[in-house]
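Have a look at the structure below, then the notes.
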Amino acid sequence: MIDLTIHPEALERNLRNARENNILIPTFRQMKHPESIPDKVKEGLKSVGLWDVNPLNLFRITWKNEAKEYGGLFQHVPNYVELPSSLTGVPCRIVAMAGKWFPTGCHKVGASFGCLAPRLVTGQFDVTRHKAVWPSTGNYCRGGAFNSKLLGARGVAILPAGMSRERFEWLESIGAEVIATPGCESNVKEIFDKTNELRQDPGCMIFNQFEEMGNHLWHYQVTGEALSALFEGIKRPGDRLSGACFTSGSAGTIGCGDYLKEVYPGMKLAVGEALQCPTILNNGFGDHRIEGIGDKHIPWIHDVKNTDMVIDIDDEDSQRLLRLFAEEEGLRYLAEEAGVDAQTLEKLSWMGISGIANVLCCVKMAKYYEFTAHDVVVTVLTDSAAMYGSRVAELAEQYGPYDRRAAAIDHHLHLLGLKTDAMAELNYYDRKRIHNLKYYTWVEQQGRTAEELDALWYGDEWDKVHAQVGELDALIDQFNTASGVLGQL
């Protein structure tokens, strides 16, 4: 469960900081239902850019922002891309909710808030004394650095040296302390080693997304409700929510699957990973290029018992499709030969590499279960192509100029040609096998106990965490009342 123990002295310092910097904290209720955000906040947001370092942007930690870079408010149905059969080759509806319209252009700003908020409003994190350390494979530390900046705290971003150049440039622009660890997306152990080194410093507080239940809770509450609102907003007569697919980085996003399966009990929930590092599918290891996901371990916060399927994605597929969606000749081919509509083409840039991998998982699930036109499969687009311009340039250098023939090959080979290989339905003992892998990372290396591990499998730990949202929102409301900031706006 999430520790909500109050530390009064540090809490008072956090309140003083909030008063001095006009910081108001959004509740989970407001992130799910932004129509409940105070009118004063909405009025203020009309003159604030989406990525501005302004505390009011804490209220844009929601899937329901208007698709505007400046002055946007909120809408009932989240921003999304529906991928037509002409693109995917499957008859079912694949609908992907877009993270592009969060501050920082990525939904990980929400996951980091879910980890930070409980410690901030209880005083466990002292904004005047602690550095906030954000271990990450890329986007989570960007969200954490952004939230730290909004709150007047010092942020430390830890991410692999092999991540895209755009991530490092952005972190430097916001003034975060950046630590690059050896390797690429799959080198999570190296991130943990650096984290444990920093943990020895009492001035550092670690927000480890791979084990923080606040990450799981934010996605269960906010992403889960948003995907449900999206489905209800776009469903046609006879449609059913049949599946949801999420690649596993920290396993935070797949936490929304717990919510969706409560609302839509017949739905299938799949976890995706890179074929080059098949940890879940085959206890495997290796390096891969699907930026934003991390492997070689099972995150503590992955509710494996609730996962129906594992799907492995070849990282070459995601790379080639990134280029197909970014190059003018690729878009021209999709319009003129594949018959993809103009509205969809305009939104293909909303997909980053891990978002493309999520979509590929949906396609493979649809083929496996032979979904029809009345089946809907949902996923999320973690970030957009804006973070990967350097990767497109690298692909151009590697493969040469792009033309219509290359576009046709990429579409047919890396999307239409996907097969139902490298995937598996999970029975009880398959899931237990995957869950047991947590022991080697979390008990042997990271200080958890076998009793805690068993509680995740046999106990009601997940239900207890889900139920904490009411208490957490009450603490946030108390914090805002005590700070008095709303009255100052």
Side-chain angles (χ1 to χ4, degrees), residues 14 17-75 78-79 97-117 120-121 125 127 132 134 136 139-155 157 167 170-176 207 214-215 218-219 221-223 226 350 382-384 386-387 473 476 479-480 483 485-486 488-489:
N14 290 347
N17 177 72
R19 294 185 196 105
E20 292 172 354
N21 295 285
N22 289 322
I23 295 168
L24 199 63
I25 310 298
T27 63
F28 281 66
R29 178 182 64 259
Q30 290 165 338
M31 289 182 281
K32 289 194 295 183
H33 303 292
E35 66 273 13
S36 65
I37 291 172
D39 289 340
K40 284 185 175 181
V41 173
K42 293 177 185 175
E43 190 62 31
L45 286 171
K46 292 178 181 179
S47 59
V48 175
L50 184 62
W51 288 35
D52 287 356
V53 181
N54 185 315
L56 287 179
N57 264 332
L58 290 169
F59 286 87
R60 286 192 171 127
I61 300 177
T62 175
W63 290 98
K64 298 179 181 179
N65 291 315
E66 289 184 311
K68 295 181 178 180
E69 293 187 1
Y70 184 86
L73 291 178
F74 309 103
Q75 55 198 31
N79 297 295
M97 199 161 62
K100 173 181 173 63
W101 301 107
F102 278 88
T104 76
C106 176
H107 82 286
K108 288 284 191 176
V109 72
S112 60
F113 176 86
C115 299
L116 176 60
L120 179 74
V121 300
F125 175 76
V127 72
W134 305 98
S136 172
N139 279 322
Y140 173 78
C141 68
R142 289 202 307 120
F146 186 76
N147 287 332
S148 300
K149 190 76 170 180
L150 296 186
L151 296 167
R154 293 168 294 170
R167 282 178 168 80
W170 186 89
L171 286 165
E172 291 169 2
S173 73
I174 204 169
F207 294 91
N215 182 1
W218 189 84
H219 282 293
Q221 289 287 338
V222 183
T223 304
W350 291 11
T382 306
D383 58 13
S384 72
M387 282 292 110
D473 269 1
I476 295 172
F479 184 95
N480 290 332
S483 74
V485 170
L486 182 59
Q488 300 172 15
L489 293 179

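We use all heavy atoms of the structure for the numbers below, so side chains are in, but hydrogens, waters and symmetry mates are not.
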Rounding to 0.5 Å, atoms CE (M31) and NZ (K64) come to a distance of 12.0 Å
Does any part of the side chain of E43, heavy atoms only, come nearer than 4.5 Å to the side chain of D39, both counted from C-beta? no
In short, L120 meets F479 closest at the heavy-atom pair O-CE1, 4.2 Å
Tell me if a side-chain donor or acceptor on K149 pairs with a main-chain N or O of A176 at a distance below 3.5 Å. no
Indicate yes or no for a side-chain donor-acceptor contact from W350 to the backbone of A98 under 3.5 Å, with no hydrogens or angles considered. no
Please assess N147 against I61 for the test side-chain contact (heavy atoms from CB on, under 4.5 Å), listing each intermediate value before the final yes or no. CA-CA 10 Å; N147 287 332; I61 300 177; 3.8 Å; yes
Okay, side chain of N14, backbone of V127: is any donor-acceptor separation there less than 3.5 Å? yes
Rounding to 0.5 Å, atoms CZ (R60) and CG (L73) come to a distance of 7.0 Å
Distance col, row F74:CZ vs Q30:CD, nearest 0.5 angstrom, shows 9.5 Å
Tell me, with the steps shown, if W134 and L116 meet side-chain contact (heavy atoms from CB on, under 4.5 Å). CA-CA 10 Å; W134 305 98; L116 176 60; 3.9 Å; yes
Can a donor-acceptor pair be found, under 3.5 Å and without considering hydrogens, that links the side chain of N139 to the backbone of H107? no
Closest approach of S136 to C141 (non-hydrogen atoms, all atoms of both residues): OG-N, 3.1 Å
Rounding to 0.5 Å, atoms CZ (F113) and CG (L150) come to a distance of 10.5 Å
List the steps and the verdict of side-chain contact (heavy atoms from CB on, under 4.5 Å) for V48 and N57. CA-CA 8 Å; V48 175; N57 264 332; 3.7 Å; yes
Quick check: do N22 and Q488 have side-chain heavy atoms less than 4.5 Å from each other? yes
Could you tell me which non-hydrogen atom of H33 sits nearest to which non-hydrogen atom of S36, and how far apart they are? O-OG, 2.7 Å
Please check: side-chain N/O of Y70 versus main-chain N/O of L50, any donor-acceptor pairing under 3.5 Å? no
With side-chain contact (heavy atoms from CB on, under 4.5 Å) as the test, would you mind laying out the steps for W63 and W101 before giving the verdict? CA-CA 8 Å; W63 290 98; W101 301 107; over 6 Å; no
Could you report the tightest heavy-atom contact between K42 and P34, atom names first, then the distance? CE-O, 3.6 Å
Please examine the side chains of V41 and L56, heavy atoms only from C-beta on, and report whether any two atoms are closer than 4.5 Å. yes
Keeping the roles fixed (side chain from D383, backbone from G105), state whether a donor-acceptor pair exists under 3.5 Å. no
So, N21 side chain and L151 main chain: donor-acceptor pair closer than 3.5 Å or not? no
Looking at every heavy atom in both P103 and N65, which two are closest together, and how far apart are they? CD-ND2, 4.4 Å
Please report the shortest heavy-atom distance between A67 and Q75, naming the atom on each side. N-OE1, 4.4 Å
Neighbour count >12 (heavy atoms, 6.0 Å) for atom CD, E35: yes
So how far is it from N480 CG to I25 CD1, rounded to the nearest 0.5 Å? 6.0 Å
If you round to the nearest 0.5 Å, how far is CZ of R142 from NZ of K108? 11.5 Å
